[in-house]
2 protein chains.
Amino acid sequence: MKSELAHAELIAVLTAVTSDAPRVMTVRAGEALPSGPLEVGHRSLQSGLRTWVHEQTGHPVGYLEQLYTFADSDRAPQGTATRTISISYLGLVREQAAPGAGVPGWHGWYEYFPWEDHREGRPKALAAIEEGLAAWAGSDRSRSEHRHRRIAFTFGIDKAPWNEDLVLQRYELLFEAGLVVEAGASSAPESGRAMFADHRRILATAIARLRSKIKYRPVVFELMPENFTLLQLQRTVEALAGLKLHKPNFRRLIDQQELIEETGELSNEAGGRPAKLFRYRRAILDEHAISSSRLPLSRN
Amino acid sequence: MKSELAHAELIAVLTAVTSDAPRVMTVRAGEALPSGPLEVGHRSLQSGLRTWVHEQTGHPVGYLEQLYTFADSDRAPQGTATRTISISYLGLVREQAAPGAGVPGWHGWYEYFPWEDHREGRPKALAAIEEGLAAWAGSDRSRSEHRHRRIAFTFGIDKAPWNEDLVLQRYELLFEAGLVVEAGASSAPESGRAMFADHRRILATAIARLRSKIKYRPVVFELMPENFTLLQLQRTVEALAGLKLHKPNFRRLIDQQELIEETGELSNEAGGRPAKLFRYRRAILDEHAISSSRLPLSRN
DNA sequence: CGCAATATACTCATGACGAGTATAAGTTGG
DNA sequence: CCAACTTATACTCGTCATGAGTATATTGCG
């Protein structure tokens with residue numbers, strides 16, 4: 001088994017939610033995701049990354065999941081013949097790091113993806129984006145129709161609904177159309193903040209994964225404080241999904257799952273009727289997934 | 001950015017379905033998954049793997065998806081200090097390779113996981129397995145209760161329903177309990193065929209991923225011939241899921257999706273009323289996913 | 001006191017899904 | 001050539017999850 005030798009590095013997308021804004025940990029003044037070499041000492045990738053993050057941020061990682069491994073040869077550093085393999089991870093942390101020596105910084109997701117936040121309705125950035133996409137679709141007559149349909153589906157235009165999960169598809173479409181700085185576009189407010197190399201693409205992967213995951217696994221609680229109100233929980237989910245939710249139905253859903261329990265205490269941080277405080281029932285099996293079958297089973 | 005140098009290899013889980021049996025491509029007489037070093041020439045991992053598989057099997061890969069990257073230091077080959085990074089992929093091919101020089105062989109999934117096929121009811125292998133698991137759970141008094149609940153949930157015992165997606169969790173539980181050969185158990189018919197290193201674990205990951213994927217993405221069609229009947233399609237899905245489906249409801253589901261169209265021809269391979277032949281509508285966007293929201297949206 | 005703000009508890013309609021039944025159109029064997 | 005069997009196809013029905021809307025508690029504050 002003679003295989004090529006390659007550099008191996010880990011890239012982490014660490015996310016926290018503070019005051020209803022989802023944030024990601026960055027370095028280089030928000031230009032890059034934190035990354036580091038794969039070190040010899042660590043038994044597994046997971047455990048290595050865990051200790052590393054804990055050292056860097058001062059906070060433990062509640063949930064850690066592998067995202068994707070990139071090894072395209074054009075990702076090799078300039079001048080090197082050796083290939084670089086980048087293994088990216090998604091991690092959820094409960095709080096932001098105290099703004100220490102200024103090394104790591106936290107930035108809001110939607111600085112990088114202004115078109116992804118639909119909590120206050122369809123973002124204005126989308127008007128300019130749709131224009132740019134339409135121009136791109138029209139520029140190639142033979143593929144024009146297919147492109148238009150793809151755009152409509154991906155961005156929820158015409159009768160297509162907005163699908164919050166398609167974060168990566170949207171970014172890749174914008175990339176293909178040359179509408180983001182990483183693909184050669186000149187900087188524009190609606191195209192969001194650019195990042196080093198393909199880091200913004202990795203961030204898009206992470207957001208997509210998380211948005212889809214919160215629907216069938218109770219990972220949100222890794223972002224919540226010990227005790228929280230139902231509205232706080234809802235606001236956190238809304239921040240991640242970039243959507244407003246229906247309050248009564250959200251409560252009903254949470255009820256049914258039986259994932260949380262009352263602490264007995266009340267919170268009156270917000271100036272209204274005090275809300276009951278809840279806590280996550282850690283006793284619940286983490287496997288607790290509502291396997292929404294989607295297959296027409298027959299029970300024998 | 002000085003990172004450790006590592007060996008990089010690709011491991012492929014190639015799956016085809018022939019005569020209602022899902023199979024995986026193997027080497028070494030069914031003992032290992034095909035793998036190879038990451039080569040310099042290839043631009044990306046995907047494209048490299050695609051050409052490699054095409055050369056090896058004579059069939060193009062219809063669908064290719066990255067599974068997981070392992071880099072645990074105990075995976076390094078004996079005597080080497082260098083770490084090995086294994087990147088595993090799931091690939092779907094339409095037909096089996098012609099049994100050529102005998103190099104690659106195809107083996108049924110359920111040789112390796114006899115407890116996963118529930119098409120003919122609960123497999124008998126599960127009786128012995130449940131016994132073994134119960135003994136393991138009882139052997140540690142302090143964790144006994146938690147283990148019992150985990151076993152019941154994972155294997156669908158007591159009131160818990162069988163969840164076909166938990167393939168990996170089941171294998172890992174059996175591994176933890178020391179009930180598979182890879183974990184030191186002596187060979188037993190109910191524990192399935194063992195594989196080299198952690199290849200059976202990778203296969204479990206692949207099966208789990210595919211079982212979950214067929215529910216929300218039209219990947220089954222990558223395994224079907226050009227034209228097929230609805231029953232053939234159903235049998236293929238059943239083979240993958242390891243479950244029997246309800247025929248009328250299956251047809252209704254397929255109808256609604258509008259993923260296929262009639263060819264106009266009929267098939268009378270089976271000795272009954274001839275069935276209409278269908279084909280997959282490739283025109284349909286691959287993104288065509290029924291985003292089953294699971295979040296209590298509010299439409300503004 | 002009355003109003004604003006938040007929390008909490010309902011009701012209602014629709015539609016997806018599990019389950020079962022009925023009818024059509026061929027093949028096979030006495 | 002008819003009867004039995006096999007497979008295909010078309011319905012119906014009840015239940016429950018989900019989207020949507022409305023009504024009723026509790027608090028703080030001017």
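The sequence lines fix the lettering, A, B, ..., with proteins before strands; numbering per chain opens at 1.
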Grab the N/O contacts between the protein and nucleotides 6-9 of chain D below 3.5 Å, and write none if there aren't any.
{"unit_1": "dA8(D)", "atom_1": "OP2", "unit_2": "K247(B)", "atom_2": "NZ", "d": "3.4"}
{"unit_1": "dA8(D)", "atom_1": "N3", "unit_2": "R273(B)", "atom_2": "NH1", "d": "3.4"}
{"unit_1": "dT9(D)", "atom_1": "OP1", "unit_2": "K276(B)", "atom_2": "N", "d": "3.3"}
{"unit_1": "dT9(D)", "atom_1": "OP2", "unit_2": "R251(B)", "atom_2": "NH2", "d": "2.6"}
{"unit_1": "dT9(D)", "atom_1": "O5'", "unit_2": "R251(B)", "atom_2": "NH2", "d": "3.2"}

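Nucleotide dT22(D) holds its C1' atom 12 Å from the CG atom of N249(A), rounded to whole Å. At whole-Å resolution of the value, CD1 in I260(A) and P in dT8(C) are 10 Å apart. Distance F250(B) CZ to dA10(D) P: 15 Å, rounded to the nearest Å. When rounded to the nearest whole Å, the span between NE2 of H246(B) and P of dA16(C) equals 17 Å. When the C1' atom of dC17(C) is taken as reference, atom CG of L253(B) falls 9 Å away, rounded to whole Å. Between K244(A) atom NZ and dA20(D) atom P there is a gap of 15 Å when expressed in whole angstrom units. As a whole-Å value, the separation of I254(A) CD1 from dA7(C) C1' is 16 Å.
Checked by atom type, the side-chain pair Q169(A)/Y171(A) shows no donor-acceptor distance below 3.5 Å.
Judged by a 6.0 Å distance limit and a 45° cone about the ring axis, R119(B) is not positioned over the six-membered ring of W162(B).
Taking 4.0 Å as the cut-off between side-chain N and carboxylate O, E262(A) and K276(A) count as a salt-bridged pair. Salt-bridge annotation for E164(A) and R170(A): absent, with no side-chain N of the basic residue lying under 4.0 Å from a carboxylate O of the acidic one.
With sequence neighbours excluded, the residues satisfying side-chain contact (heavy atoms from CB on, under 4.5 Å) with P248(B) are H246(B). Evaluation of the side-chain contact (heavy atoms from CB on, under 4.5 Å) rule for S267(B) yields T229(B), E269(B), L277(B) as partners, not counting sequence neighbours.
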